[in-house]
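The structure presented is a predicted model; accordingly, all values stated were derived computationally and were not measured. In each ligand, atom 1 is the first atom listed, and ligand 1 is the first ligand listed. For the single chain, residues carry numbers from 1 onward in sequence order.
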Amino acid sequence: MAGSALSDEAFERRKRAAAPRRATIADREQVIDCLTAAFATDPVMAWIGRRDAKRDKGRRAMFSFLVGTLGLPGNELWTADDFSAAALWVPPERADLKLPWWQELQMLPSIVSFTSFSGLGRVDAFRKSAEAHHPKTKPHFYLMTIGVDPKFQGQGLGGALLDATLAKIDAKGLPSYLESSNEKNVPLYKRHGYEVTKEFRPAPDAPPLWGMWREPRKR
Ligand SMILES: CC(C)(COP(=O)(O)OP(=O)(O)OC[C@H]1O[C@@H](n2cnc3c(N)ncnc32)[C@H](O)[C@@H]1OP(=O)(O)O)[C@@H](O)C(=O)NCCC(=O)NCCS
């Protein structure tokens, strides 16, 4: 009986991820917690971020900045109602990720917390290479980040959330772009219609990223 109760729970959780809502300021901390936990073993975050005991706190500072600066104001930060999964999309008007100078300044403490002073060069290398490979021709949505609570990864939540948010982008008739920071995720994105456009490394000792593009689909 315990087994079937658990699978019911998993089913309900997946249903919540398939019907996400826009996150509000009241959801801020829980969405940041979800993303911080999700990326604990991400190869690119691990390469950019600090390697000492403050790394979890530093990653949280970075997600806190991204949620506060791009997620909530962009109104394309989506969460499952139980915060088991969240996705931060950047709408086309901000998809070039150019921040005004005052936001660049505001970002500095988060970056230092994330990577420490000795890692500033890695942040710079990452931003420059991501910018160089980011498509510039067509207006598109940019998937800045998607994460599932590690307790629930591999249970269909990420795919459900991705599909639900892509349906809204499809309805607008717009393409989308993302960088996969983990080779493990490439098949998942391919299943949802993305194609690899580029594989690149921000530096010779950095892990690879896969730039992936998706044309809108009719549903
Ligand atoms: C990537 C992520 C959002 C996918 O969500 P998910 O709910 O775990 O994935 P789903 O169950 O919907 O789909 C499973 C597919 O996801 C991929 N995957 C990536 N990480 C996975 C993990 N930790 N566990 C299981 N599947 C994972 C695989 O392609 C898998 O396909 P397979 O079953 O054919 O191997 C989630 O695993 C996650 O948060 N990972 C850590 C953060 C991250 O990598 N974010 C995306 C950065 S580009």
Nearest candidate to atom 14 (C) of ligand 1, where distance is taken over non-hydrogen atoms, out of R191, K184, K190: R191
Hydrophobic cluster identity match, V90 and M107, side-chain contacts under 4.5 Å: yes
4.5 Å side-chain heavy-atom contact, V196 and V186: yes
W210, portion touching ligand 1 at heavy-atom distance under 4.0 Å: neither
Y194-S176 side chain donor-acceptor pair, cut-off 3.5 Å: yes
Atom 12 (O) of ligand 1 protein-contacted, heavy-atom criterion under 4.0 angstrom: yes
Heavy-atom protein neighbour under 4.0 angstrom from atom 27 (C) of ligand 1: no
Minimum-distance protein heavy atom relative to atom 40 (N) of ligand 1: Q153 NE2, 3.6 Å
Charged N-O contact under 4.0 Å between D82 and K15: no
Of H140, M212, M144, the residue whose pairing with L178 passes side chain to side chain contact (heavy atoms under 4.5 Å, CB included): M212
Residue S181 vicinity, atoms of ligand 1 by number, heavy atom under 4.0 Å: 47 (C), 48 (S)
Numbered atoms and elements of ligand 1 in range of E179, under 4.0 angstrom, heavy atoms: 48 (S)
Residue and atom name of the nearest protein heavy atom (relative to atom 4 (C) of ligand 1), distance in Å to one decimal: L188 CD2, 3.6 Å
Identity of the nearest option to atom 44 (O) of ligand 1, non-hydrogen atoms only, from L157, N185, D149, N182: N185
Parallel, tilted or perpendicular: rings of F200 and H133 (30°, 60°): parallel
Distance-only side-chain donor-acceptor flag, Y142 / E179, under 3.5 Å: yes
Closest protein heavy atom (residue, atom, distance) for atom 9 (O) of ligand 1: G154 N, 4.1 Å
